[in-house]
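Report on the structure given below.
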There are 2 protein chains.
Amino acid sequence: MAKTKSETRERILDVALELFNEQGYDKTSLREIADRLGVTKAALYYHFERKDQILLELHLRLHALSHGMIERLDGLDGPAIVGAWPGIVDELIEQMLANRDLFLLHQRNASAFEQLAGDERHAAENEDLQERFRALLSNESIPLEERVRLAASIGAVFSVMMGAGGMFGDVDAEEVARYARGVVSDLFPVT
Amino acid sequence: MAKTKSETRERILDVALELFNEQGYDKTSLREIADRLGVTKAALYYHFERKDQILLELHLRLHALSHGMIERLDGLDGPAIVGAWPGIVDELIEQMLANRDLFLLHQRNASAFEQLAGDERHAAENEDLQERFRALLSNESIPLEERVRLAASIGAVFSVMMGAGGMFGDVDAEEVARYARGVVSDLFPVT
DNA sequence: GTCTATATTTCGATAGAC
DNA sequence: GTCTATCGAAATATAGAC
């Protein structure tokens, strides 16, 4: 596990993230990434074996952001999660504020990410936040109505926070985030 | 506007919808569509000029589903929309129940759909539901907090209804839809 | 670590027979 | 309306010099 974080490797990932969000993963060629970076295509192959390794690495960046939430989930059994949910979603909102591009990538290239599944490293799957959410939604020790609200709150937060860049006009993202938290509160009232 | 709905043309679209949802639009080749249909690639080109015309036609299917909602929106000015919102979202839920695959396609291949924008017929853009939603969210005659709730309800409904196929386990989609409506009610309480 | 040059493959698209 | 055959483009990926 000696992943050298060579400087240019990170720059490749940054540029790739930009282009993937502008044009989509599939429509972005390695030549375009290389050009914007000021190198040649072949240089990319020194840092990454294949194109999808770039996408995979960006996926790992997302993983890193979700460690906190994963740990919170680990400490709780099914029903107790519902009570802790607003706090977990709150952390999600914070991460979205700080790393909007990464979440956007994941959302708008969903099918590209799915076909990463066959990959080797990707197999360590129970530290994947999305998989954990999936498991939660089929956990029958939680009433279906509550599970629907879990899913709804995630969808609501994604929709609001991903739209926060321009979709609402020229508004403060923090203010949008505040209202987003209000929505979650309404979905999980303190009884 | 004499679009002959030849039988096989529709079958092509059905098969394409299947494969696009399984593998993603970009990763699906015309050969795969032809194979599953039992014809050759060239046969597809009798019915469609280019590959993206197939995606475009599927987009038009979505448009057809949204006529009712579009008309509802047309009759209302900014602030009045908020009151009518639960009813509009209700219609959206109904359409999602009946045409889950189409909505799923649109959601998971968002970037592919965006690059359809350059196309000719696609230019008639104010009958596009998504564009209407966008316009709504930047309409400053509606308070930001309300606009956030508009966005949140759409996201919540998508998340819940798209997950309804298996994600909650083996449950009745109608039951999930009922709970989804409950979520929307909580977001837009009758004052 | 980055380059030039090239190999390899896949896919979208076309021509023309039936 | 569907077929066989093929073209041409573009993209991924590799070889080997510097």
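Numbers restart at 1 for each chain; the letters A, B, ... are given by sequence-line order, proteins then strands.
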Kindly determine whether A:Arg178 and B:Glu145 satisfy side chain to side chain contact (heavy atoms under 4.5 Å, CB included), including the steps that lead there.
CA-CA 9 Å; A:Arg178 258 194 316 276; B:Glu145 179 171 11; over 6 Å; no
When the distance from [atom1] of [X] to [atom2] of [N] is rounded to whole Å, what number comes out?
| X | N | atom1 | atom2 | result |
| --- | --- | --- | --- | --- |
| B:Leu55 | C:dG12 | CG | C1' | 15 Å |
| B:Leu30 | D:dC7 | CG | P | 20 Å |
| A:Glu7 | C:dT2 | CD | C1' | 16 Å |
| B:Lys41 | C:dG12 | NZ | C1' | 7 Å |
| A:Glu49 | D:dA13 | CD | P | 10 Å |
| B:Phe48 | C:dC11 | CZ | P | 20 Å |
| B:Arg31 | D:dT6 | CZ | P | 18 Å |
| B:Asp52 | C:dA13 | CG | C1' | 12 Å |

The side chain of [X] is closest to which nucleotide in this list: [options]?
| X | options | result |
| --- | --- | --- |
| A:Thr8 | C:dT2, D:dT14, D:dT2 | C:dT2 |
| B:Lys51 | C:dT2, D:dC3, C:dG12 | C:dG12 |
| A:Arg50 | D:dA13, C:dA13, D:dT12 | D:dA13 |
| B:Tyr45 | C:dT4, D:dG1, C:dA13 | C:dA13 |
| A:Ser29 | D:dG1, D:dA11, D:dC3 | D:dA11 |

Short N-O contact, A:Asp35 and A:Lys41, less than 4.0 angstrom:
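No.
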Do B:Leu37 and B:Tyr46 sit in one hydrophobic cluster, given that two such residues count as connected whenever their side-chain heavy atoms are within less than 4.5 Å of each other, even indirectly?
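No, B:Leu37 and B:Tyr46 fall in different hydrophobic clusters.
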Where do A:Glu32 and A:Lys27 land on the salt bridge (charged side-chain N to carboxylate O under 4.0 Å, His left out) test, with the steps shown first?
CA-CA 10 Å; A:Glu32 289 173 295; A:Lys27 292 283 195 303; over 6 Å; no
Take A:Arg108 and B:Glu114, measure what salt bridge (charged side-chain N to carboxylate O under 4.0 Å, His left out) needs, and give me the verdict at the end.
CA-CA 10 Å; A:Arg108 303 210 315 181; B:Glu114 271 160 40; 2.9 Å; yes
Does a side-chain N or O from B:Thr40 land closer than 4.0 Å to OP1 or OP2 of D:dC3, or not?
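For B:Thr40, the contact criterion (side-chain N or O under 4.0 Å from OP1 or OP2 of D:dC3) is met.
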If the cut-off is 4.0 Å, is B:Tyr46 near the phosphate of D:dT2, judged by side-chain N/O to OP1 or OP2?
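No, no such contact exists.
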